Amino acid sequence: MRIRLDSSTPLNLDATLCCGQTFRWNKEGEWWYGVAKDKAFKIGQYGNVLEFENVDENFVRNYFSLEDNLPKIYAKISRDKHIKQAVQMFQGLRILHQDPWECLISYICATYKNVQAIKLMLLRLSCRFGEKTCFEQRNFYLFPSPEKLAKVSISEMAECGLGYRAKYVKETAKAVYEKNFDFEQLSKKPYDKARQELLNFSGVGLKVADCVLLFSLAKTEAFPVDVWIKRVILEYYSEHFPEEFVKKIFDKRSPTNTEYERLSLFGREYFGEYAGYAQEYLYHYERTKR
DNA sequence: CAAGTGCCTTTATC
DNA sequence: AGATAAAGGCACT
């Protein structure tokens, strides 16, 4: 099956899948292989044609956020030369609509880890506890359900390389499973309200909550601040903060909640309702500029 | 190649 | 409120 993209719907599949927002995709030749929802599928891009197998068009349109009007978003976030350059370089990078459950666990695992290590953890977690599914004579593994992870022991999870995160994943899985937590409902709530709810989960702080809101709950105003974004702010946007504040956060490993809010709020106010898009372009730009 | 540093931070404690 | 420490282990230099 295929989708023909028109000029007002740019897509950069490679940048979208390798920019660090999602962790379970692999490129083999011209095809990206991934597992989303309940099956494995592959997708490739040839110019303005998007081709895929084993998945329906509606899912692809939603997962890759093809309804997001990128030209309009670029117009809104392009406030200065830095974001303009990042947008220029990665035109067509889209914020995905990932599965919120998988996204939540992924970002709990992601704390204080690099992207390669996060991928490895999630791969091991899926292979060990996820349901097996076959596609093109090969085995793929679905992301383990809340019920499954709620019942796995902490030490078993730790064996997947989660370390101290195993406890948080277990507790969050238990909470989601036992309350039958409704992510659909959560996505309907406004940013602040939804964020407050996510903070109740074990292992979820402001940064993780913002990632889940942005990457799976369509809250495009969320502006996650990790070490790279902190770096971006210090390098390009420090004049928007008092000198004292900049000095203070400069050599800290991570900001306090108050400092985090100040940085994140700057992003939301400066870039507006699509601040999350600006965040991801700047993040990818900073990480790949060498 | 060993050793050091860093990683899309949160939690517990003071 | 803010400072501090601790918490896997993989990857990169």
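In what follows, chains carry the letters A, B, and so on, assigned in the order in which the sequence lines appear, proteins first and then strands, with residues in each chain numbered from 1. Values below: every heavy atom of this structure, side chains too, minus hydrogens, waters and symmetry copies. Note that the coordinates shown come from a computational prediction; the quantities given were computed from them, not determined experimentally.
The separation between A/Leu206 atom CG and B/dT10 atom P is 7 Å, rounded to whole Å. If you take CE of A/Met157 and C1' of C/dA7, they are 17 Å apart, rounded to a whole angstrom. As rounded to whole Å, 13 Å separates atom P of B/dC8 from atom CG of A/Leu122. Atom CG of A/Asp251 and atom C1' of C/dT4 are 15 Å apart (whole Å). As rounded to whole Å, 17 Å separates atom C1' of C/dC10 from atom CD of A/Glu159. Remark: P of B/dT10 and CD of A/Glu259 are 14 Å apart, rounded to the nearest angstrom. Between the NZ atom of A/Lys248 and the P atom of C/dT4 there is a distance of 11 Å, rounded to whole Å. B/dC8 atom C1' lies 12 Å from atom CZ of A/Phe223, rounded to whole Å.
Base orientation of C/dG8: syn, the glycosidic angle falling within 90° of 0.
Remark: A/Glu67 does not engage A/Arg61 in a salt bridge, criterion side-chain N to carboxylate O under 4.0 Å. Under 4.0 Å is where a charged nitrogen must lie from a carboxylate oxygen, and between A/Glu221 and A/Arg268 no such pair does. Between A/Lys219 and A/Glu273 there is no salt bridge, since none of the side-chain N atoms of the basic residue sits less than 4.0 Å from a carboxylate O of the acidic one. A salt bridge links A/Arg195 with A/Glu261: at least one charged nitrogen is closer than 4.0 Å to a carboxylate oxygen. Looking at A/Arg24 and A/Glu102, a side-chain N of the basic residue comes within less than 4.0 Å of a carboxylate O on the acidic one, giving a salt bridge. Electrostatic pairing of A/Lys248 and A/Glu244 does not count as a salt bridge here, judged by no charged N lying under 4.0 Å from a carboxylate O. Salt bridge absent: A/Arg124 and A/Glu159 never bring a charged side-chain N and a carboxylate O closer than 4.0 Å.
Under the 6.0 Å distance and 45° angle rule, A/Arg79 counts as a cation-pi partner of A/Tyr270. With A/Tyr236 as the aromatic partner, A/Arg231 does not meet the cation-pi criteria of under 6.0 angstrom to the ring centre and within 45 degrees of the ring axis. Taking the centre and axis of the six-membered ring of A/Phe241, the NZ or CZ atom of A/Arg262 falls outside the cone set by 45° and 6.0 Å.
Counting only N and O atoms by type, the side chains of A/Asp68 and A/Tyr277 include a donor and acceptor under 3.5 Å apart. Of the N and O atoms on the side chains of A/Tyr74 and A/Gln91, not one donor lies less than 3.5 Å from an acceptor on the other residue.
Out of C/dA6, C/dC10, B/dC8, the shortest distance to the side chain of A/Arg253 is found at C/dA6. The side chain of A/Lys207 approaches B/dC8 more closely than any other nucleotide in the set B/dC8, B/dG6, C/dA3. Of the candidate nucleotides C/dG9, B/dG6, B/dC8, B/dG6 has the atom nearest to the side chain of A/Arg231. Of the candidate nucleotides C/dG2, B/dT9, C/dA3, C/dG2 has the atom lying nearest to any side-chain atom of A/Thr258.
For DNA chain B, the residues of residues 189-204 of chain A within the heavy-atom distance limit of 4.0 Å (strictly under) are A/Phe201, A/Ser202, A/Gly203, A/Val204, sorted by number. Contact check of residues 93-112 of chain A against DNA chain B (heavy atom, cut-off under 4.0 Å) returns A/Ala110, A/Thr111, A/Tyr112. For DNA chain B, the neighbouring residues in residues 160-174 of chain A, judged by any heavy atom under 4.0 Å, are A/Tyr164, A/Tyr168.
Put simply, NZ on A/Lys207 and OG on A/Ser264 are 11.0 Å apart, with the number rounded to the nearest 0.5 Å.
Judged by distance alone, with hydrogens and angles left aside, the side-chain atoms of A/Lys170 form a donor-acceptor pair with the main-chain N or O of A/Ala150 at under 3.5 Å. Looking only at distances, no side-chain donor or acceptor of A/Glu131 sits under 3.5 Å from a matching main-chain atom of A/Leu142.
Using atom P as the reference point in both B/dC8 and C/dA5, the two lie 23 Å apart (nearest Å). The same atom, C1', is picked in B/dC1 and in C/dT13; the two are 12 Å apart, to the nearest Å. Atom name P, nucleotides B/dA12 and C/dG8: the rounded distance is 14 Å, in whole Å. Nucleotides C/dC12 and B/dA2 are separated by 13 Å at their C1' atoms, to the nearest Å.
When heavy atoms are screened at a 4.0 angstrom cut-off, A/Val208 is found touching the sugar-phosphate backbone but no base atom. Within the nucleic acid shown, A/Glu280 comes within 4.0 Å of at least one base atom, counting heavy atoms only. Among the protein residues, A/Lys119 comes within range of no part of the nucleic acid, since none of its heavy atoms lies under 4.0 Å from any strand.
Helical stems in DNA chain C, defined as runs of 3 or more consecutive Watson-Crick or G-U wobble pairs with both donor-acceptor distances under 3.5 Å, are listed by first residue as B:3-7 with C:9-13, B:9-14 with C:2-7.
Not one side-chain nitrogen or oxygen of A/Lys252 sits closer than 4.0 Å to the OP1 or OP2 atom of B/dT9.
Counting only residues at least two apart or in different chains, side chain to side chain donor-acceptor pair (under 3.5 Å) contacts with residues 10-19 of chain A comprise A/Asp14-A/Lys27, A/Asp14-A/Trp32.
Relative orientation of the A/Tyr46 and A/Trp31 rings is perpendicular, given thresholds of 30° and 60° on the angle between their planes. Between A/Tyr63 and A/Trp25, the ring planes lie tilted relative to each other; the angle falls in the 30° to 60° range.
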Review item, nucleotides 11-13 of chain C N/O atoms under 3.5 Å of protein N/O:
none

